[in-house]
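The structure appears right after this line, and notes come after that.
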Amino acid sequence: TCIDEGPSGPWGETALSGSTDRTFGSLFTGIGAADYGLEQAGWSCRWQTEPDPFRRAVLDAHWPGLQRFWDVKDRTAAAPGPHVDLVYGELPDTNPAWWDEIFALVETLKTPLWLLEASPIRFGAAEQAELRGRFSALGYHAAARSVGFAGRMRGHVGPQEIVCTLKRQRLFLVAGPPFVMGFTELRPDDGRRSQALAPLFQDRPVLEEVEALLGLPMGWSCLCASSPCRCEGRPLAVDEATVVHLLAWIGRWLRDSFTP
């Protein structure tokens, strides 16, 4: 658990003053699992960034016509673009070049809220402190915590009942007005409890059922409508998807914290 307090921040008049429409933009969007989770919490997506052709096709299937950028630099170059209240992004690694691009966007957009997700293995105490320090230098308060998730699915291989388990540990950093300091004290709800799903698979878990474990509708990332699915690039895209329940849990807290 890490907390940094910043001075007065860049939210000011752009903070959600009386508005009930919560909007967000998405960095490193992938197949949109995080975006789907935030929308379950009442947020509306306004733009996404994703360079991979297959993943962009999945995004276009679920968010047709949405403004989509290739990467962070592309989004920065298009600034200001659509105003949003929150920017979410899953940090790919600890490469300082990525950080420089992201914080150039932070400084350009002056978005009231930022929610970053990363691997707690790659982002240790030193990396977290640097991230919080860079947000603080731009006038944000910042808090970080690691959150665990376990999902279980029961099925059968022949006569034997087996359990498929998904376990993930994720690091989340929230930056924004002073209320974000309460993130470290946020009580868990169903977003963190084990998700017990009905029996689905008969032989072995397939990609549709892995999507269900993550919280996505089964078939979310299939574009070919064939059985079995022949979509190239799909296995990696599903494997790298974030957990919908966690983003919905955090998204609800962020949404409710802005209620006048």
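The shown structure was predicted, so the numbers you read here are calculated from the model rather than taken from an experiment.
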Does the [X] side chain pair with the main chain of [Y], one donor and one acceptor, at a distance under 3.5 Å?
X      : Y      : result
Thr111 : Leu113 : no
Glu50  : Asp71  : no
Ser136 : Arg132 : no

Identify the two heavy atoms, one from [X] and one from [Y], that lie closest to each other, and give their separation to 0.1 Å.
X      : Y      : result
Pro82  : Gln67  : CG-OE1, 3.1 Å
Glu127 : Arg122 : CD-O, 3.9 Å
Ala241 : Ile31  : CB-CD1, 4.0 Å
Ala143 : Thr184 : CB-CG2, 4.1 Å
Tyr140 : Pro112 : CE2-O, 3.6 Å

How far does [atom1] of [X] sit from [atom2] of [Y], to the nearest 0.5 angstrom?
X      : Y      : atom1 : atom2 : answer
Thr242 : Leu247 : OG1   : CG    : 5.0 Å
Leu105 : Thr76  : CG    : OG1   : 4.0 Å
Gln48  : Leu59  : CD    : CG    : 4.5 Å
His141 : Met181 : NE2   : CE    : 7.0 Å
Cys45  : Leu66  : SG    : CG    : 5.0 Å
Leu115 : Leu38  : CG    : CG    : 7.0 Å

Residues forming a ring-ring contact (aromatic ring centres under 6.0 Å, His included) with [X], sequence neighbours excluded:
X      : answer
Phe103 : Phe135
Phe24  : none
Tyr36  : Trp220
Trp70  : none

Would you please name every residue forming a side-chain hydrogen bond (donor to acceptor under 3.5 Å, both in side chains) with Glu208, sequence neighbours left out? Arg234
Once side-chain hydrogen bond (donor to acceptor under 3.5 Å, both in side chains) is applied, do any residues pair with Trp63, and if so which ones, sequence neighbours excluded? Glu39
For Val147 and Glu117, what are the C-alpha separation, side-chain angles and deciding distance, and is it a side chain to side chain contact (heavy atoms under 4.5 Å, CB included)? CA-CA 10 Å; Val147 183; Glu117 179 182 354; over 6 Å; no
Kindly indicate whether the side chain of Val58, heavy atoms from C-beta on, has any atom under 4.5 Å from the side chain of Leu223. yes
Is it true that atom CD of Glu107 has more than 12 heavy atoms of other residues, nucleotides or ligands lying nearer than 6.0 Å? no
Around atom CD of Glu240, are there more than 12 heavy atoms of other residues, nucleotides or ligands at under 6.0 Å? yes
Please work out which of the three classes, parallel, tilted or perpendicular, describes the rings of Trp249 and Phe183, given edges at 30° and 60°. tilted
Dump the intermediate steps for side chain to side chain contact (heavy atoms under 4.5 Å, CB included) on Phe28 and Ile102, then the final yes or no. CA-CA 11 Å; Phe28 312 107; Ile102 289 173; 3.9 Å; yes
Does Asp21 pair with Arg46 as a salt bridge, N-O distance under 4.0 Å? yes
State whether Trp43 and Arg255 meet the cation-pi test: NZ (Lys) or CZ (Arg) under 6.0 Å from the six-membered ring centroid, and within 45° of the perpendicular axis. no
